[in-house]
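Below is one structure, written out as structure tokens; comments come after it.
Since this is a predicted model, take the numbers as computed values, not measurements. Values below: all heavy atoms of this structure, side chains included; hydrogens, waters and symmetry mates excluded. Order of the sequence lines fixes the chain letters, A, B, ..., with proteins taken first and strands second; residue numbering starts at 1 for each chain.
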Amino acid sequence: MTDRHFRVWRGDESGGEIRDYDVEVNDGEVVLDIIHRLQATQAPDLACRWNCKAGKCGSCSMEINGKPRLGCMTRMSTFGDDETVTITPLRTFPVIRDLVTDVSFNYVKARETPAFAPPSLAPGDYRMQQVDVERSQEFRKCIECFLCQNTCHVVRDHEENKAAFSGPRYFIRAAELDMHPLDARSDRKEYAQASQGLGYCNITKCCTEVCPEHIKITDNAIIPLKERVVDKRYDPLVWLGRKILRRDQVPGAAPAPVGEGGIPSRGVDGKPLGTPAPAGSSMAPSSTAGVTDVASGLGDGHVRLPEAPPVGADGRMDVAELLATNAGGPSPFGDDQQFPLAQVTYRPPEPDKD
Amino acid sequence: MTERIERHLYDVVVIGAGGAGLRAAIEARLAGKRTAIISKSLFGKAHTVMAEGGAAAAMGNANSRDNWMVHFRDTMRGGKFLNNYRMAELHAKEAPERIWELETYGALFDRTKDGKISQRNFGGHEYPRLAHVGDRTGLEMIRTLQQKIVSLQQEDHAETGDYESRIRVFAETTITELVLSGDRIAGAFGYYRESGQFLLLEAPAVVLATGGVGRSYKVTSNSWEYTGDGHALALRAGATLINMEFLQFHPTGMVWPPSVKGILVTESVRGDGGVLRNSDGKRFMFEYVPDVFRKQYADTEEEADRWYSDPDNNRRPPELLPRDEVARAINSEVKAGRGTKSGGVFLDVSTRMPAEQIVRRLPSMHHQFKELADVDITKEPMEVGPTCHYVMGGVEVDPDTTAALGTVRGLFAAGEVSGGMHGSNRLGGNSLSDLLVFGKRAGEHAAAYVSALDHRPKLRPADVEAATDTALAPLSREGGENPYTLQQDLQAVMGDLVGIIRREGELTDALKRLQELKQRVAKVGAPGGRRYNPAWHLALDLRNMMIVSECTARAALEREESRGGHTREDFPAMSAEWRQVNLVCSLDEAGDVRLDRKALPTMPPELLELFDRGELSKYMTDEELA
Ligand SMILES: Cc1cc2nc3c(=O)[nH]c(=O)nc-3n(C[C@H](O)[C@H](O)[C@H](O)COP(=O)(O)OP(=O)(O)OC[C@H]3O[C@@H](n4cnc5c(N)ncnc54)[C@H](O)[C@@H]3O)c2cc1C
Ligand code: SF4
Ligand code: SF4
Ligand code: FES
């Protein structure tokens with residue numbers, strides 16, 4: 001049992017400061033234990049989220065010495081004996097109080113990501129092989145700690161990109177559904193490209209580095225999503241096939257489907273929705289027809305996605321950026337940067353911002 | 001002081017966003033009701049997320065001999081026949097449908113070779129029965145239900161332009177009081193944790209799905225959310241609680257390092273072949289097989305080991321006895337001086353399977369021990385000991401509709417907060433399926449109740465003002481007592497005096513101390529403001545923890561026998577007379593806990609026939625069998 005020096009950011013959206021505390025630390029403790037001890041002894045109103053204290057719920061995300069981590073899974077023994085430990089809130093999201101931030105951005109993005117579209121099979125008739133579900137299962141390990149969202153440079157310190165960019169958590173959701181053996185939609189990649197801002201991602205892998213569940217976000221989700229989008233968009237045969245086969249399905253050609261209570265269903269932009277997925281079952285109240293369709297109008301190439309010219313001025317196709325040695329171009333942190341970041345100075349929000 | 005209180009109108013308010021709450025909300029929304037979901041934590045982080053092993057449902061995928069009758073039998077045996085038979089019956093019959101339905105919401109369970117949902121062994125289940133995803137089944141379940149709710153919101157958005165037009169999630173919001181109109185539910189009152197602002201949800205029907213009470217114990221696998229809020233809300237609204245003396249201590253919680261003491265080591269470790277040894281290296285469980293289970297459990301290590309590959313011709317290893325038996329066995333080994341230094345026993349998989357198989361089958365256990373204890377479970381045994389895990393007791397409900405009994409109307413309860421289903425001891429995996437089966441029923445019947453009403457109950461402003469005053473009191477109390485100290489003192493009383501093994505003297509002592517604590521809790525103070533102030537939140541939760549702890553202590557003192565999650569050193573035997581009695585808690589006018597005895601409903605002959613007479617005679621009186 002020793003006393004250790006801690007620095008904790010205290011404040012709210014109107015501003016705050018790093019405060020110093022000396023706290024007792026015992027064998028085997030984690031950072032979250034220290035925060036609890038602070039609450040019980042010196043700072044009863046210190047705000048911090050937590051639930052399971054076992055790395056399962058993803059509530060206790062914070063930045064510890066500048067590294068995005070789970071407080072309950074960061075053992076004190078990982079620091080030097082007299083190293084000062086500095087704890088600050090996630091930087092990408094607005095502070096509510098102390099270590100608690102407003103993560104509603106993520107829930108908004110979750111709601112914009114089209115949900116699983118059930119196949120027309122009766123419940124109980126789903127058959128899938130273990131090897132086929134494993135790829136999606138990797139992404140379903142996600143505990144929604146939002147550390148990846150917090151780390152991604154596209155939105156970290158770039159408020160302006162938040163509207164168009166869903167972030168790595170929702171790329172893996174798209175990938176998960178794309179790889180789901182029985183998902184009835186086939187436009188997950190196109191959707192990720194067109195509506196989730198996949199194009200903003202330049203594969204810096206920072207998200208993978210911080211994921212406490214060790215999900216290979218970039219290698220197993222983002223790159224395959226990008227690759228397949230590239231394949232489909234650049235493959236002249238696929239493109240031609242789409243043109244010919246789908247002409248009868250241009251938007252507006254089909255009558256507007258009718259939603260619950262006789263109200264015609266409409267997509268976000270007022271366009272009629274695609275045909276609702278067939279009701280899956282006889283187990284009446286639990287199966288609804290026509291799940292989601294937020295991404296209406298994008299289905300299977302009804303609408304051409306924005307495309308770069310397939311060939312360059314020299315008449316050759318671009319080499320996919322994926323093949324480059326530093327895939328995704330230079331990292332905004334510098335190419336020799338190791339992750340997690342060792343030296344990051346945390347800047348609390350300015351005092352009288354709104 | 002005039003407080004601005006945000007008001008919302010709903011048809012059904014579901015308190016709790018765990019498995020039971022989300023399933024109830026889905027059903028209420030599908031029945032066309034405007035539904036609100038309230039949760040103390042963020043959406044998708046409720047306690048259900050921590051469940052590891054799986055959800056029990058007799059789908060018969062792993063062994064085609066399994067069916068609802070076998071499952072029903074196992075559940076009754078596990079609960080030592082104190083279960084509400086009708087709940088156990090409905091649960092066994094409907095669980096498979098509810099699990100299959102999850103697949104239509106997008107769940108991805110582990111598969112068998114022929115592509116069906118894989119099922120694993122668990123303590124007390126005769127056949128492999130737990131649908132699972134590695135050891136993160138709870139996460140899969142909550143994510144699936146969460147995503148189903150999002151998909152319903154997307155449907156509503158497509159139709160109305162508003163995601164929240166029919167179903168809205170109030171995350172990080174705590175309900176502190178149910179508001180009544182006469183004996184009918186009229187709404188729920190609470191505060192946003194983020195801002196400390198109050199809100200009032202007016203609704204004729206409330207579904208309680210608030211989970212358990214484990215935070216009254218120091219060594220527990222439960223999170224801070226488990227302060228018995230739903231139990232206390234129900235009592236204050238005029239409902240009754242049953243079986244509150246039965247608490248499940250899970251046999252295998254981590255014991256080292258001290259700061260993680262209590263965190264769960266899933267039972268699948270044993271289901272998949274892990275064995276328990278004492279400090280002499282002896283597999284001690286063979287000595288703890290009680291008579292009622294002799295026929296189903298192996299008495300030699302050889303037979304037990306053969307069972308994993310040939311379950312049809314061998315009896316089960318005693319490590320897979322129901323949890324209460326294993327917890328008591330570990331307790332006695334440690335007491336007899338055969339425990340480890342930190343007061344546990346060894347749980348070993350490292351010598352039982354190849355390392356890569358361990359990592360594949362128990363990934364989160366491997367991760368948990370590596371990160372938290374620096375132990376590699378593929379090379380070394382784990383150290384484990386009992387931890388407070390689940391409360392069998394809860395709101396007394398009508399089995400078919402989940403409507404709370406007592407004087408209140410319009411209140412429904414499902415999940416861990418309800419009582420009766422698991423009797424005196426819950427089998428592992430029966431909770432996750434319980435959440436789905438009764439969550440669905442609660443949503444359905446709450447919706448039906450609302451449809452049948454001809455007018456909405458009106459609430460009285462005075463009640464809302466009273467609720468506001470109670471909630472604000474700790475903030476303005478100068479020099480009030482520190483809520484964290486009070487919680488520690490409560491945990492000490494419950495852990496030391498109302499723990500696994502109970503004695504009359506200690507229980508009386510506990511009740512006396514609880515009275516003293518109650519007076520101190522009435523004077524609790526919380527420094528700081530209303531914005532996300534954890535001290536204030538705890539101060540308000542303490543009130544609920546007190547009532548619930550009192551119920552447990554009183555019922556534990558009353559029940560003079562040992563059964564399942566209630567062990568009395570002074571009455572070590574199970575008594576057939578006591579099996580016919582439920583202990584029912586309610587609040588009297590003065591707000592004190594009152595305890596009554598009530599007869600258990602009798603099982604109809606067609607269900608009784610599922611057991612052989614010899615077995616029943618171990619549990620029932622001669623008159624019952626005559
Ligand atoms: C570590 C662990 C492992 C487990 N493993 C298994 C397993 O393998 N198989 C199995 O079947 N069971 C298992 N269980 C048991 C099972 O997980 C729980 O019993 C079950 O999840 C309870 O679900 P619930 O829906 O009743 O409540 P919960 O999921 O606990 O949800 C309660 C909800 O109520 C909300 N709430 C509470 N009070 C209030 C209030 N005052 N105002 C507003 N909201 C409130 C909370 O915020 C939360 O959202 C396990 C439990 C633990 C702790
Ligand atoms: S790879 Fe980099 S840019 Fe792409 S999502 Fe991850 S952190 Fe963001
Ligand atoms: S992908 Fe990993 S880092 Fe991102 S939210 Fe999920 S668990 Fe957290
Ligand atoms: S508290 Fe649940 S992940 Fe840290």
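Comparing B/R193, B/H47, B/Q146 by heavy-atom pairs within less than 4.5 Å of chain A, the highest count is held by B/Q146. Listed options B/G115, B/P257, B/S41 were ranked by heavy-atom pairs under 4.5 angstrom with chain A; first place goes to B/G115. Contact count versus chain B (heavy atoms, under 4.5 Å) is highest, among A/E176, A/H214, A/Q39, for A/Q39. Of the listed residues (B/Q153, B/E225, B/E140, B/Q368), the greatest number of heavy-atom pairs within a distance under 4.5 Å of chain A belongs to B/E140. The choice from B/L102, B/I263, B/L42 that makes the most heavy-atom pairs within less than 4.5 Å of chain A is B/L42. Counting heavy-atom pairs closer than 4.5 Å to chain A, the top residue among B/E371, B/H537, B/K40, B/Q488 is B/E371. Interface remark: of the candidates B/I149, B/L372, B/L139, B/L372 forms the most heavy-atom pairs closer than 4.5 Å to chain A. The candidate from A/H180, A/E213, A/R127 with the greatest count of non-hydrogen atom pairs under 4.5 Å with chain B is A/R127.
Using a cutoff of 4.0 Å between basic side-chain nitrogens and carboxylate oxygens, A/D132 and B/R111 are not scored as salt-bridged. Ion pairing of A/E134 with B/R360 is absent here, as no side-chain N (NZ or NE/NH1/NH2) approaches a carboxylate O to less than 4.0 Å.
At a 4.5 Å heavy-atom cutoff, B/A526 makes no contact with chain A through either its backbone or its side chain. Contact of A/H36 with chain B is not made at all, since no heavy-atom distance falls under 4.5 Å. Heavy atoms closer than 4.5 Å to chain A are found in the side chain of B/E172, but not in its backbone. Of the two parts of A/V103, only the side chain, counted from C-beta on, holds a non-hydrogen atom closer than 4.5 Å to a non-hydrogen atom of chain B. Heavy-atom distances place both the backbone and the side chain of B/N533 under 4.5 Å from chain A. In this structure, the portion of B/W256 lying under 4.5 Å from any heavy atom of chain A is its side chain and not its backbone. Looking at B/Y226, neither its backbone nor its side chain comes within 4.5 Å of chain A, counting heavy atoms on both sides. Looking at B/R531, both its backbone and its side chain come within 4.5 Å of chain A, counting heavy atoms on both sides. With a 4.5 Å cut-off on non-hydrogen atoms, A/A110 touches chain B through its backbone but not through its side chain.
Across all their heavy atoms, A/V30 and B/S259 have their closest contact at N-OG, 4.4 Å.
Between atom CH2 of residue B/W224 and atom CZ of residue A/R49 there is a gap of 10.0 Å, rounded to the nearest 0.5 Å. The CD1 atom of A/I96 sits 12.5 Å away from atom OH of B/Y192, with the distance rounded to the nearest 0.5 Å. The distance from the OH atom of B/Y532 to the CG atom of A/D45 is 13.0 Å, given to the nearest 0.5 Å. Put simply, CG on A/N51 and CG on B/N222 are 11.0 Å apart, with the number rounded to the nearest 0.5 Å. To the nearest 0.5 Å, atoms OG1 (B/T104) and OH (A/Y126) are separated by 5.0 Å. Distance check, rounded to the nearest 0.5 Å: CG of A/D12 to OG of B/S195 gives 12.5 Å.
Counting only residues at least two apart or in different chains, salt bridge (Lys or Arg N to Asp or Glu O under 4.0 Å) contacts with residues 113-122 of chain A are absent.
Side-chain contact between A/R37 and B/Y484: absent, with no pair of heavy atoms (C-beta onward) separated by less than 4.5 Å.
Below 4.5 Å, heavy atoms of chain B meet heavy atoms from A/C52, A/K53, A/A54, A/K56, A/C57, A/G58, A/S59, all part of residues 52-59 of chain A. When the heavy atoms of residues 136-144 of chain A are compared with those of chain B, the residues falling under 4.5 Å are A/S136, A/Q137, A/R140, A/K141, A/C142, A/I143, A/E144, listed by number.
Legend: residues meeting ring-ring contact (aromatic ring centres under 6.0 Å, His included) with A/Y107, ordered by chain and number and at least two apart, are A/F146.
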